[in-house]
> 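This structure is in structure tokens; I'll ask about it shortly.
Each ligand, and each atom within it, is numbered from 1 in the order the structure gives.
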Amino acid sequence: MNFTSGADVSELLSLDHIRNQLIRLEDTIIFLLIERAQFAYNEKIYLAGAFKDELNFSGSWLEWFLFEIESFHAKARRYTSPDEHAFTPLEQLPQPIIKPQSLPSLLHQPAAKHPSVNVNHRILEFYIQQIVPGITSATKIAKGKAVLEDDGNYGSAATRDVEVLQALSRRIHFGMFVSESKFLLAPHDFIPHILDPNPDKLAGLITKPAVEAKLLIRLANKARVYGGEMDADGKVVEVADEEMAARGKIDLATIVSMYKDWVIPLTKDVEVDYLLHRLDGVPQSQIDEWMKGRKE
Ligand SMILES: C=C(O[C@@H]1C=C(C(=O)O)C=C[C@H]1O)C(=O)O
């Protein structure tokens, strides 16, 4: 999110503004997945120790890429921005070489910084186990048996993986801004279920089925267009959905199920975990003030 666009806090925290950011991130994520789908599964890059002779690093090739890329980005103060969350533990990353920007304080810091709100470890797990095999032709038949496809493009594949993971992380952790926006609209609705922690009640308050349903339809349509083909005259070449994966484009079903089964549920987990800590450090007088605003 551009925090220095000149928009004021109320505009930056409006639900419409935040939802527009999430819609724009759909485009980013689809295009980055299309780029990753150009390379084979290359399972070796996800296995810890598979490059132990080449790397002075105990994790996988991808985790090494994350560490090196995030170390460079940390020097450029990337992780001082409230919508950026590193996969590498912050204490392992270098300090910024330039001072942090003075950004508007949009989130309740005790909630935003609570360890339970960072779900990057879960994002990495579902991406490797579910998404990469789904968008690449994970197996092929050679000499009569299924083998995991490996094209040796370990650097290109990991570079694309890091880009997708960073976009997914931004999108899912945007749940904090969504929660802050919804909380400030009706704090009295949320406070009883924070003081007497009730994650299910909080999940019920933040869940908007109509928004989710529209998203999944829009997402399939975008993936069909973005992953489609055009002839030299710019005329759309009709490709059946099931044909797209075979043509090395993108598997529509994987993209939609990624959002339905992973991105949306994880975003809502972030929303609930943020809310559970939204009153951490808040004076009782403020809580009483908010409760006065309760609809009688
Ligand atoms: C992000 C929101 O909160 C929830 C999560 C959504 C998502 O991850 O796309 C959509 C609607 C809500 O269930 C929202 O209300 O816009």
> Taking atom types as modelled and ignoring hydrogens, do the side chains of Asn42 and Tyr46 form a donor-acceptor contact shorter than 3.5 angstrom?
no

> Determine whether the side chains of Ser116 and Asp273 contain a donor N or O and an acceptor N or O closer than 3.5 Å.
no

> Could you pull out every protein residue that has a heavy atom closer than 4.0 Å to ligand 1, ordered by chain and then number?
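For ligand 1, the residues that come within the 4.0 Å heavy-atom cutoff are Arg19, Leu22, Arg171, Val178, Lys182, Ile206, Thr207, Lys208, Val211, Glu212, Leu215, Ile264, Thr267, Lys268, Glu271.
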
> Quick check with a 6.0 Å cut-off and a 45 degree axis cone: is Lys44 positioned over the face of Phe51's six-membered ring?
yes

> Indicate whether the side chain of Asn221 and that of Arg218 have a donor and an acceptor atom separated by less than 3.5 Å.
no

> Ignoring hydrogens and geometry beyond distance, is a side-chain donor-acceptor pair present between Ser179 and Arg278 at under 3.5 Å?
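No donor-acceptor contact under 3.5 Å links the two side chains.
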
> Using distance alone, with no hydrogens and no angle criterion, decide if Asn153 and Asp151 have a side-chain donor and acceptor under 3.5 Å apart.
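Side chains of Asn153 and Asp151: pair found under 3.5 Å.
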
